[in-house]
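Convention: sequence-line order gives letters A, B, ...; per-chain numbering from 1. This structure is a prediction, so every number in the text was calculated from the model and none was measured.
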Amino acid sequence: MSGSFYVTTPIYYVNDAPHIGHAYTTVHADVLARWRRLHGDDVLFLTGTDEHGLKIQRAAEERGLTPLEWADTTSARFREAWALIDISNDDFIRTTEPRHRVAVQAFLQQVYDNGFIELATYEGLYCVACEAYYVDDDLVDGLCPIHQRPVESVSEENYFFQLSKFEQPLIEHYEANPEAVQPESKRNEVLGFLRQGLRDFSMSRTSISWGIPLPWDPAHVTYVWYDALINYATAVGFGADPDQFEYRWPVQYHVLAKDILRFHAVYWPAMLMAAGLPLPEHVFAHGYLLVGGEKMSKTSLNNIAPADLVPEFGSDGFRYHFVTDLHFGQDGDFSYEGMVARYNADLANNFGNLASRVLNMAVTYCGGVVPDARAEGPLVAHAAIALDAYESALGELKFDDGFGAVWQLIRDANGYIEDSQPWKTHKAGDAAVTAAVLGDCLEALRIVALLASPLIPRAASALWTRLGLTGAPEDARLPDAAVWGAVATTGNAVEKGESLFPRIDVP
RNA sequence: GGCGGGAUAGCUCAGUUGGCUAGAGCGCACGGCUCAUAAUCGUGAGGUCGAGGGUUCGAACCCCUCUCCCGCUACCA
């Protein structure tokens with residue numbers, strides 16, 4: 001074991017149905033988690049659902065349900081979506097769980113005891129849909145700038161979190177730890193935001209009941225964002241299991257979309273400082289997934305769910321597209337045509353066909369038995385280069401570069417086959433040369449399967465089995481297992497099998 | 001308004017501290033091969049590197065001006 005590796009997605013608000021924007025975040029976190037598991041890390045990969053707040057309360061009322069009944073229904077849809085695309089989360093947290101109430105109350109008490117929460121009266125213009133206050137300048141024609149609906153003048157006695165006290169500490173933290181917010185462009189945004197100055201914010205509500213009561217004043221419930229962020233601590237035993245918390249904390253990676261960067265890079269670290277806890281090592285904010293150039297959202301007609309695409313592309317095809325065909329960190333445009341083109345080119349033609357031709361030749365030319373592995377050969381250097389590039393790229397969450405290196409090895413192997421023409425050496429009766437070439441290709445496939453397994457686990461596992469390898473790619477350990485000839489494969493039984501990725505023909 | 005990031009082949013993008021004929025993938029064209037999922041391999045097509053000016057022996061990369069696009073500027077992944 002290389003120690004704990006704790007990675008999270010945001011908890012998704014259950015008022016939304018899961019769509020490919022959520023999946024975009026979640027698949028990336030999953031690939032990261034799987035990649036670290038391959039290194040022997042003791043990974044904790046957390047996702048979940050955010051279930052408090054006025055919007056949930058109202059949505060439930062409209063349906064004649066209790067808030068929890070409504071949350072049960074929608075939370076389940078997220079679990080189903082993640083199962084569909086092979087998300088390997090180790091835990092799924094719901095903010096309505098008892099363990100979360102325990103952690104939130106412990107966290108709040110700690111911050112309160114440290115003197116960073118105070119009672120004050122707040123008067124302002126409130127948008128019910130946002131659950132947020134606005135000042136006149138924010139409004140557009142007197143309406144909420146987000147929902148275009150009237151705001152209400154509200155006076156409320158609230159507890160305030162003294163965010164302003166953390167302005168300088170946060171600036172110093174991000175200047176001293178440039179890797180803490182990635183990519184760099186997002187770090188600049190965070191620093192720019194911090195330098196504008198921070199205001200204390202209200203972190204309790206008396207107007208609603210669907211939430212977690214403050215331990216020292218149960219008439220107030222915790223504001224939904226304050227509650228939600230603490231989920232990351234809840235899941236590792238904050239307030240309940242000190243040993244586990246000590247072992248897991250802090251988080252290595254919070255993976256999230258750019259719209260909630262501020263909560264994770266400003267509010268959350270400030271809350272942790274206030275509680276006297278270490279800060280997350282990395283917050284990675286990726287760009288939006290656009291459809292036809294428009295932001296994916298629940299109100300968009302372009303809303304697309306994983307279940308709309310998986311039947312045609314498969315879980316692996318779905319995962320492959322969202323990780324490699326878009327540049328993580330920037331906004332990316334989704335298109336069905338682009339997805340089909342990439343699937344056919346990379347998965348069917350390059351990867352799938354390489355496996356198909358090599359396995360077929362191994363069966364027909366070598367009797368289905370893996371030949372002796374050669375310590376030297378034209379592909380050895382290519383495989384080493386691929387591994388090196390893969391490891392360093394994934395270490396920086398450059399997923400497209402990392403898997404691009406694997407696909408380069410696939411191209412190298414296809415090229416090697418053309419150069420050596422094993423079908424000709426076989427017809428010429430030169431069994432030794434034929435076996436040597438195919439032995440090299442089978443070894444290259446083994447390495448490809450291993451390196452690709454975090455991204456396309458089903459195909460990688462299927463290929464692994466067809467190569468006559470025991471277990472699954474997940475059992476291997478990087479980087480050693482991806483070194484040429486790391487595993488004795490001579491004599492393993494090879495089987496051809498069905499196409500790993502059948503071509504998709506669009507009319 | 002303020003701060004920040006962009007503008008490079010049909011498309012999506014790479015281009016380290018300025019330096020040989022500006023690169024990759026996809027798409028396209030032509031050619032080869034036939035083991036393979038009409039897959040694969042090779043070659044090519046020639047993009048005023050947004051516009052103008054400057055620095056330099058030399059700039060896509062540095063400076064100035066301009067045009068256009070985008071992000072953040074306190075709560076939808």
- Is the shortest side-chain N/O distance from A:Asn414 to OP1 or OP2 of B:A39 below 4.0 Å? no

- Message: I need the CG-C1' distance between A:Asn350 and B:A36, as an integer number of Å.
- Response: 13 Å

- Item | Atom C1', compared across B:G71 and B:C33: separation rounded to whole Å | 50 Å

- Query: So is A:Arg79 actually on top of A:Phe92's ring, under 6.0 Å and inside 45° of the axis?
  - Reply: yes

- Angle class for the A:Phe107/A:Tyr226 ring planes (parallel below 30°, perpendicular above 60°, tilted otherwise)? perpendicular

- Item | Closest listed nucleotide, where the reference is the side chain of A:Gln196 and the choices are B:U34, B:U37, B:G2 | B:G2

- Looking at B:U37, B:C35, B:U73, which one has an atom nearest to any side-chain atom of A:Arg262? B:U73

- Query: Any ion pair linking A:Asp30 and A:Arg319 (charged N to carboxylate O, less than 4.0 Å)?
  - Reply: yes

- Task: Considering only atom C1', compute the distance from B:G52 to B:G15 and round it to an integer number of Å.
- Result: 24 Å

- Distance between the P atoms of B:C20 and B:C62, in whole angstroms? 16 Å

- May I ask you to say what A:Lys398 touches in the nucleic acid, namely base, sugar-phosphate or nothing, with a heavy-atom cut-off under 4.0 Å? nothing

- Note on the structure: Heavy-atom nearest nucleotide on RNA chain B taken for A:Glu189 and for A:Phe263; more 5' hit belongs to A:Glu189

- Item | Between B:G5 and B:C41 - C1' atom distance, rounded Å | 40 Å

- Nearest-nucleotide 5' precedence on RNA chain B, A:Ile417 against A:Ala341: A:Ala341

- Task: Among the candidates B:G71, B:C35, B:U37, find the nucleotide nearest to the side-chain atoms of A:Asn353.
- Result: B:U37

- Item | Between B:G46 and B:A24 - P atom distance, rounded Å | 16 Å

- Fit a plane to each ring of A:Tyr267 and A:Phe201, take the angle between them on a 0 to 90° scale, and name the class: parallel (under 30°), tilted (30 to 60°) or perpendicular (over 60°). parallel

- Of the nucleotides B:U34, B:U40, B:U37, which one has an atom closest to the side chain of A:Glu418? B:U40

- Closest to the A:Phe193 side chain, choosing from B:U34, B:U73, B:U40: B:U73

- Query: What's the closest nucleotide to the A:Trp423 side chain, out of B:U37, B:C33, B:A74?
  - Reply: B:C33

- Query: Hey, are A:Glu418 and A:Arg357 close enough for a salt bridge, meaning a charged N less than 4.0 Å from a carboxylate O?
  - Reply: yes

- B:C35 P sits how many Å from A:Tyr416 OH, rounded? 18 Å

- So what does A:Gly197 hit on the nucleic acid, given a heavy-atom distance under 4.0 Å: a base, only sugar-phosphate, or nothing? base

- Message: Looking at B:U40, I'd like to know if its phosphate oxygens (OP1 or OP2) sit under 4.0 Å from a side-chain N or O belonging to A:Asn349.
- Response: yes

- Message: Give me the distance, rounded to whole Å, that separates B:C69 from B:G58 when you measure between the C1' atoms they each carry.
- Response: 32 Å

- Task: May I ask you to decide whether A:Asp86 forms a salt bridge with A:Arg458, counting only side-chain N to carboxylate O separations under 4.0 Å?
- Result: yes

- Which class fits the ring pair A:Phe161 and A:Phe166: parallel under 30°, tilted 30 to 60°, perpendicular over 60°? parallel

- Examine B:A36: is either OP1 or OP2 under 4.0 Å from a nitrogen or oxygen in the side chain of A:Lys496? Give yes or no. no

- Report the residues that fulfil ring-ring contact (aromatic ring centres under 6.0 Å, His included) with A:His426, sequence neighbours left out, ordered by chain and then residue number. A:Tyr365

- Item | Nearest-nucleotide pick for A:Lys424, side chain only, options being B:U37, B:C33, B:U40 | B:C33

- Message: Looking at A:Arg503, I'd like to know whether one of its side-chain N or O atoms comes within less than 4.0 Å of OP1 or OP2 on B:A39.
- Response: yes

- Task: Any chance you could encode RNA chain B as dot-bracket? Rule is Watson-Crick or G-U wobble with both distances under 3.5 Å; [ ] for pairs crossing earlier ones, | for another strand.
- Result: (((((((..((((.....[...)))).(((((.......))))).....(((((..]....))))))))))))....

- Message: Would you measure the distance from the P atom in B:U34 across to the matching atom in B:G25 and give it in whole Å?
- Response: 25 Å

- Message: The side chain of A:Arg199 is closest to which nucleotide in this list: B:A74, B:C33, B:U37?
- Response: B:A74

- Query: What integer number of Å spans the C1' atoms of B:A60 and B:A51?
  - Reply: 14 Å

- Message: Strictly below 4.0 Å, N to O, side chains only: are A:Glu443 and A:Arg446 in salt-bridge contact?
- Response: yes

- Query: Out of B:G25, B:A74, B:U37, which has the shortest distance to the side chain of A:Tyr267?
  - Reply: B:A74

